Amino acid sequence: MEGWCWALTLECLLGKSLFQVLESQSFTMNIKKVLPQLSVLPPPIPPLLSIPHRETVVNRVMNKLSLLHDKIYCALSGSAADAQTIAEMVNYQLDVHSIEVGEDPQVRSAATLVKNISYKYKEELSAHLIVAGWDKRGGGQVYVTLNGLLSRQPFAVGGSGSSYVYGFVDAEYRKAMSKEDCQQFVVNTLSLAMSRDGSSGGVAYLVTIDEKGAEEKCILGNELPTFYDQ
Amino acid sequence: MERHLMDSKIKGVSTGTTILAVTFNGGVIIGSDSRASIGGYYVSSKTINKLIQVHDRIFCCIAGSLADAQAVTKAAKFQISFHSIQMESPPLVKAAASVLKELCYNNKEELQAGFITAGWDRKKGPQVYTVALGGMLLSQPFTIGGSGSTYIYGYADAKYKPDMSKEECLQFATNALALAMGRDNVSGGVAHLVVITEEGVEHVVIPGDKLPKFHDE
């Protein structure tokens with residue numbers, strides 16, 4: 001059984017611009033599939049072992065946020081190979097599409113492309129991508145594409161660790177948060193999920209997308225917020 | 001989205017459920033939802049009470065197969081009252097939890113039920129014990145259980161503070177139950193809460209429409 005990773009995407013509206021924050025963490029994988037090691041700062045926390053399924057942590061600092069276009073990112077979860085492949089295919093298709101229309105693609109177009117692949121190959125693939133970005137027509141948007149469904153939401157959570165934080169995000173999400181509040185909300189959510197889910201951990205990646213562009217940030221494990229029992 | 005159906009293998013009526021118990025300054029609150037379902041498709045009861053009183057100041061709540069849980073709690077209730085007569089004093093919460101643990105551990109192949117025991121006794125004050133599916137006994141300041149509990153781990157970790165007041169604790173427990181019931185399809189109905197202190201036991205029932213609402217409701 002493949003490991004799952006966790007991703008949170010949410011959209012905060014502040015006037016006309018959109019802030020969108022995505023995160024990701026390292027995840028556990030079957031040793032049959034090996035991910036290329038990424039060169040990032042080594043996290044100062046010990047590696048994770050997912051005990052119940054006897055899986056191995058292949059990469060504890062994998063960046064699960066993939067670029068689809070300048071202001072459109074997607075968050076990967078599920079089978080890493082499937083998710084990366086879908087992201088690459090959509091990246092190419094979006095480039096072609098944006099040349100054809102002569103301007104930056106809409107977030108909805110990117111999400112539709114992802115959805116089409118997920119739906120067509122529903123039986124073979126097991127990956128879930130959350131697509132999020134900013135475009136001038138709709139501002140910031142978040143789309144979920146689980147199993148071939150396309151749905152726009154104010155925020156979305158996915159991956160194995162997401163089950164543990166549904167309650168927290170339901171309680172704490174507010175409409176029209178500021179950029180800093182939004183980032184804090186996302187980092188808190190990630191930290192809670194990472195502390196409970198055996199397959200999530202390592203570092204947290206955040207991408208904030210607004211009218212001006214996309215800003216990537218990596219928060220190390222020991223800099224994440226801690227809660228009651230930590 | 002993706003999650004494991006914890007109760008899908010239980011035959012018959014199960015209490016796919018959300019249960020929790022939280023200690024506060026001077027007492028403990030134990031709470032649960034009120035839905036019983038079969039296979040996650042049919043709600044067989046909207047208003048069952050999953051909080052069973054095993055002694056004057058000791059309650060336990062059940063998760064898992066309803067039949068197993070009722071059989072075990074009936075046996076436990078008898079053993080605890082017998083024990084308290086022998087000791088000539090009210091039983092310790094730990095003793096009640098141990099009785100449940102023995103029953104769960106010795107019958108672990110046949111049973112499919114987990115328990116949370118909470119109460120107040122003179123020796124250690126308010127306490128919460130969980131007995132997991134295989135018979136492990138653990139004491140914690142607060143604990144959540146049942147299928148709906150997966151959704152509120154994050155919320156409970158973030159919001160629990162030691163030494164809360166009774167009102168803060170009630171609010172925390174109500175919010176946690178409401179959030180879990182909102183996401184778990186096999187938890188729902190009304191929220192039952194029991195507040196146990198040295199003075200006595202107070203049963204609070206919050207109907208579904210009076211539960212706190214969150215952003216998308």
Side-chain angles (χ1 to χ4, degrees), chain A residues 1-8 10 52-53 77-79 126-128 130 144-147 149 151 153-177 184-185 187-197 199-200 225-230, chain B residues 1-6 18 20 22-24 31 33 132-134 138-164 168-169 171-187 191 211-217:
Chain A
M1 158 98 175
E2 305 277 0
W4 293 73
C5 69
W6 184 90
L8 163 71
L10 58 87
H53 300 113
S77 69
S79 155
S126 82
H128 174 211
I130 298 181
V144 294
T145 63
L146 180 63
N147 282 340
L149 127 92
S151 168
Q153 292 178 192
F155 68 89
V157 295
S160 61
S162 66
S163 324
Y164 304 106
V165 289
Y166 270 111
F168 181 75
V169 298
D170 279 342
E172 295 295 300
Y173 173 72
R174 309 262 174 274
K175 279 203 284 237
M177 280 190 268
Q184 190 58 47
F185 169 60
V187 164
N188 285 345
T189 313
L190 269 179
S191 174
L192 287 164
M194 282 156 77
S195 73
R196 282 290 180 181
D197 182 32
S199 310
S200 299
T226 55
F227 296 91
Y228 165 62
D229 56 356
Q230 292 162 308
Chain B
M1 290 184 187
E2 310 92 43
R3 73 171 183 99
H4 301 291
L5 278 165
M6 284 199 198
T18 310
L20 50 78
V22 193
T23 51
F24 63 91
D33 70 312
L133 225 51
L138 197 58
S139 169
Q140 291 173 302
F142 77 97
T143 188
I144 54 182
S147 58
S149 67
T150 43
Y151 304 106
I152 46 173
Y153 272 108
Y155 180 79
D157 282 343
K159 296 287 168 182
Y160 173 75
K161 295 188 303 282
D163 284 329
M164 285 188 275
E168 286 175 333
C169 197
Q171 191 58 50
F172 170 72
T174 315
N175 284 348
L177 278 174
L179 287 164
M181 284 154 69
R183 284 287 180 181
D184 186 23
N185 65 326
V186 287
S187 297
L211 285 171
K213 294 198 189 312
F214 299 94
H215 74 97
D216 59 357
E217 291 159 316

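The basis for the numbers below is simple: all heavy atoms, side chains too, and nothing from hydrogens, waters or symmetry mates. Bear in mind that the values here come from a model prediction, so they are computed numbers and not experimental data. In what follows, chains carry the letters A, B, and so on, assigned in the order in which the sequence lines appear, proteins first and then strands, with residues in each chain numbered from 1.
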Q: Below 4.5 Å from any heavy atom of chain A, which atoms of B:Lys161 appear? Answer side chain, backbone, both or neither.
A: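 Neither; nothing under 4.5 Å.
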
Q: Select one option (side chain, backbone, both, neither) describing which atoms of B:Ala180 are under 4.5 Å from chain A's heavy atoms.
A: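 Looking at B:Ala180, nothing touches chain A.
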
Q | Rounded distance (nearest 0.5 Å) linking atom OH of A:Tyr166 with atom CG of B:Asp184 | A |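 Interatomic distance, A:Tyr166 OH to B:Asp184 CG, rounded to 0.5 Å: 12.0 Å.
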
Q | Gap separating the CG atom of A:Asp197 from the OH atom of B:Tyr153, nearest 0.5 angstrom | A |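 One gets 12.0 Å once the value is rounded to the nearest 0.5 Å.
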
Which heavy atom in [X] sits nearest to a heavy atom in [Y], and how many Å separate them?
X        : Y        : result
B:Asp157 : A:Ser195 : OD2-OG, 4.1 Å
B:Tyr155 : A:Ala171 : CE1-CB, 3.5 Å
B:Gly154 : A:Phe168 : C-CB, 3.9 Å

Q: List in chain and number order the residues that pass side chain to side chain contact (heavy atoms under 4.5 Å, CB included) with B:Gln140, two or more places apart in sequence or in another chain; answer none if no residue qualifies.
A: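 Checked B:Gln140 against side chain to side chain contact (heavy atoms under 4.5 Å, CB included); matches are B:Thr130, B:Leu138, B:Thr143.
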
Q) Among all residues two or more places apart in sequence or in another chain, which pass the side chain to side chain contact (heavy atoms under 4.5 Å, CB included) test with B:Ser139? A)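 B:Tyr129.
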
